[in-house]
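Please read the structure below before turning to the comments.
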Amino acid sequence: MFSVRALKYRRNVTFLWKRTNAKNMTRKLNISGIYPPIATPFTEREEVDYQKLDENLQKYSKLPFKATKATVQMTGGMAHAGADAVLVVTPCFYRGRMNSKALIHHYTKVADASPVPVVLYSVPANTGLELPVDAIVCLSQHPNIVGLKDSGGDITRIGLIIHKTRLEDFQVLAGSAGFLMAAYAVGAVGGVCALANVLGEEVCELERLCMLGDWEKARELQHRLIEPNTAVTRKYGVAALKQAMEWFGFHGGATRSPLQPLSQTELQQLHVDFSSNGWL
């Protein structure tokens with residue numbers, strides 16, 4: 001199955017790792033399921049704390065994520081592992097010129113040259129650029145482009161993309177736990193959710209409820225995840241995610257500069273966002 005084995009960044013490309021076999025090579029990759037974008041714990045000297053990372057991965061291996069069993073093998077097997085899919089964020093440095101024509105050209109060249117499947121990645125909060133729907137529809141027809149991770153949170157847009165690519169072998173992932181239920185309701189197949197680093201079992205339970213069509217229970221759980229999710233993403237970001245991981249028995253570690261740790265006021269509010277929803 002698909003595996004976010006390690007998030008290895010090189011410019012605007014994230015490598016996604018999986019275990020595969022000969023049968024998988026004849027069809028497009030199945031990217032359904034819940035994936036945690038693994039947080040990297042740092043020491044106070046801002047160096048990667050590999051021991052704490054390994055301990056996190058051992059804990060994640062007990063949760064029903066896609067990916068985790070292979071992830072646990074990262075330390076010993078990374079040198080011999082190959083990237084089996086790439087998550088490619090939109091180029092945005094000259095975003096004024098990054099229109100549909102330019103983006104289609106960019107992704108087509110990447111997909112043509114890539115020996116592994118490509119997943120499009122639209123994250124306007126970080127890039128200031130949203131991958132246009134017409135560009136996605138065009139790119140969905142490429143035989144080496146398997147799907148999209150959309151972190152914008154516009155459910156109307158996500159539903160439209162799913163509708164317009166319905167005749168293609170193309171899959172859409174929600175880029176946040178905050179709108180995961182809504183994304184499933186319009187046809188998404190999974191999510192890449194920062195909150196899963198903290199409340200992984202609960203995010204996977206939300207996926208299970210959505211897949212079963214138990215929308216009443218799914219709605220109740222989704223409501224309780226919105227504020228914590230916002231807190232560790234748009235509101236306070238990485239520093240909050242790392243702090244919450246510590247509260248829930250994982251190793252978040254220190255933030256690496258230029259990011260700064262939470263202030264005392266922010267820390268108190270973060271605690272409220274989790275405790276008022278019954279998680280602490």
Side-chain angles (χ1 to χ4, degrees), residues 2-4 6-9 12-16 29-40 65-67 85-92 95 98 103 107 117-133 135-137 139-140 145-165 170-200 202-204 206-207 210-211 218 221-222 225-238 240-241 244:
F2 195 79
S3 172
V4 179
L7 299 184
K8 179 180 179 183
Y9 295 97
N12 65 332
V13 177
T14 303
F15 293 93
L16 304 179
L29 200 64
N30 178 10
I31 62 174
S32 63
I34 299 299
Y35 306 87
I38 303 296
T40 304
F65 294 139
K66 289 293 187 75
V86 289
L87 180 64
V88 185
V89 72
T90 49
C92 60
R95 68 175 182 270
M98 290 297 106
L103 291 167
Y107 278 111
V118 171
V119 179
L120 310 176
Y121 184 13
S122 182
V123 54
N126 291 341
T127 64
L129 175 70
E130 194 164 57
L131 187 55
V133 172
I136 295 168
V137 173
L139 291 166
S140 72
I145 294 178
V146 298
L148 164 75
K149 173 189 173 184
D150 194 306
S151 295
D154 184 339
I155 294 302
T156 301
R157 166 188 155 90
I158 291 174
L160 181 62
I161 291 168
I162 293 169
H163 174 65
K164 285 186 170 292
T165 60
F170 190 78
Q171 303 158 82
V172 176
L173 299 171
S176 173
F179 53 89
L180 186 60
M181 174 186 164
Y184 269 110
V186 297
V189 301
V192 181
C193 308
L195 188 63
N197 284 284
V198 180
L199 297 175
E202 291 76 9
V203 174
C204 288
L206 178 56
E207 177 206 18
C210 290
M211 295 298 291
L221 179 54
Q222 177 68 89
L225 293 175
I226 291 174
E227 285 184 307
N229 179 77
T230 300
V232 300
T233 54
R234 294 197 306 268
K235 192 173 181 180
Y236 299 126
V238 173
L241 178 64

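Note that the structure is a prediction, hence the values are computed from the model and not measured.
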Task: Counterpart residues, salt bridge (charged side-chain N to carboxylate O under 4.0 Å, His left out), relative to Glu202 (two or more places apart) - done: none
Task: Arg157 atom CZ, over 12 foreign heavy atoms within 6.0 Å - done: yes
- [ ] Taking the side chain as every heavy atom from C-beta outward, state whether Asn229 and Phe179 have any atom pair closer than 4.5 Å.
- [x] no
Open item on the list: With a sphere of 6.0 Å drawn around NZ of Lys164, does it hold more than 12 non-hydrogen atoms of other residues, nucleotides or ligands?
Closed with: no
- [ ] Return the minimal non-hydrogen interatomic distance between Ser151 and Tyr121, and the atom names on each side.
- [x] OG-CE1, 3.6 Å
TODO: Output the distance between atom OG1 (Thr156) and atom CD1 (Ile161), rounded to the nearest 0.5 Å.
DONE: 11.0 Å
Open item on the list: By the definition side chain to side chain contact (heavy atoms under 4.5 Å, CB included), identify the one residue from Thr127, Leu131, Leu129 that meets it with Ser122.
Closed with: Leu131
- [ ] Please report the shortest heavy-atom distance between Leu241 and Ala39, naming the atom on each side.
- [x] CD2-CB, 4.2 Å
- [ ] Indicate the atoms forming the closest heavy-atom contact of Tyr35 with Asn30, along with that distance.
- [x] OH-O, 4.4 Å
Open item on the list: So which atom in Leu103 and which in Pro132 form the shortest heavy-atom distance, rounded to 0.1 Å?
Closed with: CD1-CD, 3.6 Å
Task: Side-chain heavy atoms of Val119 within contact of Leu148, under 4.5 Å - done: no
Open item on the list: If you compare all heavy atoms of Tyr107 against all heavy atoms of Val88, which two are closest, and at what distance to 0.1 Å?
Closed with: OH-O, 2.7 Å
Open item on the list: Using modelled atom types and a 3.5 Å cut-off, is there a donor and acceptor pairing between side-chain atoms of Gln171 and backbone atoms of Val189?
Closed with: no
- [ ] Determine whether Thr90 and Glu130 make a side-chain contact, defined as any pair of heavy atoms from C-beta on separated by less than 4.5 Å.
- [x] no
Open item on the list: I'd like to check Asn197 versus Pro37 (side-chain heavy atoms, cut-off strictly below 4.5 Å). Are they in contact?
Closed with: yes
- [ ] Check step by step if side chain to side chain contact (heavy atoms under 4.5 Å, CB included) holds for Val146 and Val118.
- [x] CA-CA 6 Å; Val146 298; Val118 171; over 6 Å; no
Task: Minimum side-chain heavy-atom gap Ile158-Ile162 below 4.5 Å - done: yes
Task: Spatial distance of atom CD1 (Ile226) from atom CG (Leu195) [nearest 0.5 Å] - done: 11.0 Å
Open item on the list: Does Phe170 form a side chain to side chain contact (heavy atoms under 4.5 Å, CB included) with Ile136? I'd like the steps, not just the answer.
Closed with: CA-CA 10 Å; Phe170 190 78; Ile136 295 168; 3.9 Å; yes
- [ ] Rounded to the nearest 0.5 Å, what's the gap from CG on Leu160 to CG on Asp154? Could you check?
- [x] 9.5 Å
Open item on the list: Does Ile34 form a side chain to side chain contact (heavy atoms under 4.5 Å, CB included) with Leu180? I'd like the steps, not just the answer.
Closed with: CA-CA 10 Å; Ile34 299 299; Leu180 186 60; 3.7 Å; yes
Task: Heavy-atom closest contact (Ala177 atom, Cys193 atom, distance) - done: N-SG, 3.6 Å
Open item on the list: Quick one, Val89 with Lys149, criterion side chain to side chain contact (heavy atoms under 4.5 Å, CB included). Give me CA distance, side-chain angles, the key distance, then yes/no.
Closed with: CA-CA 9 Å; Val89 72; Lys149 173 189 173 184; over 6 Å; no
TODO: To the nearest 0.5 angstrom, please state how far the OH atom of Tyr184 sits from the CE atom of Met211.
DONE: 6.0 Å
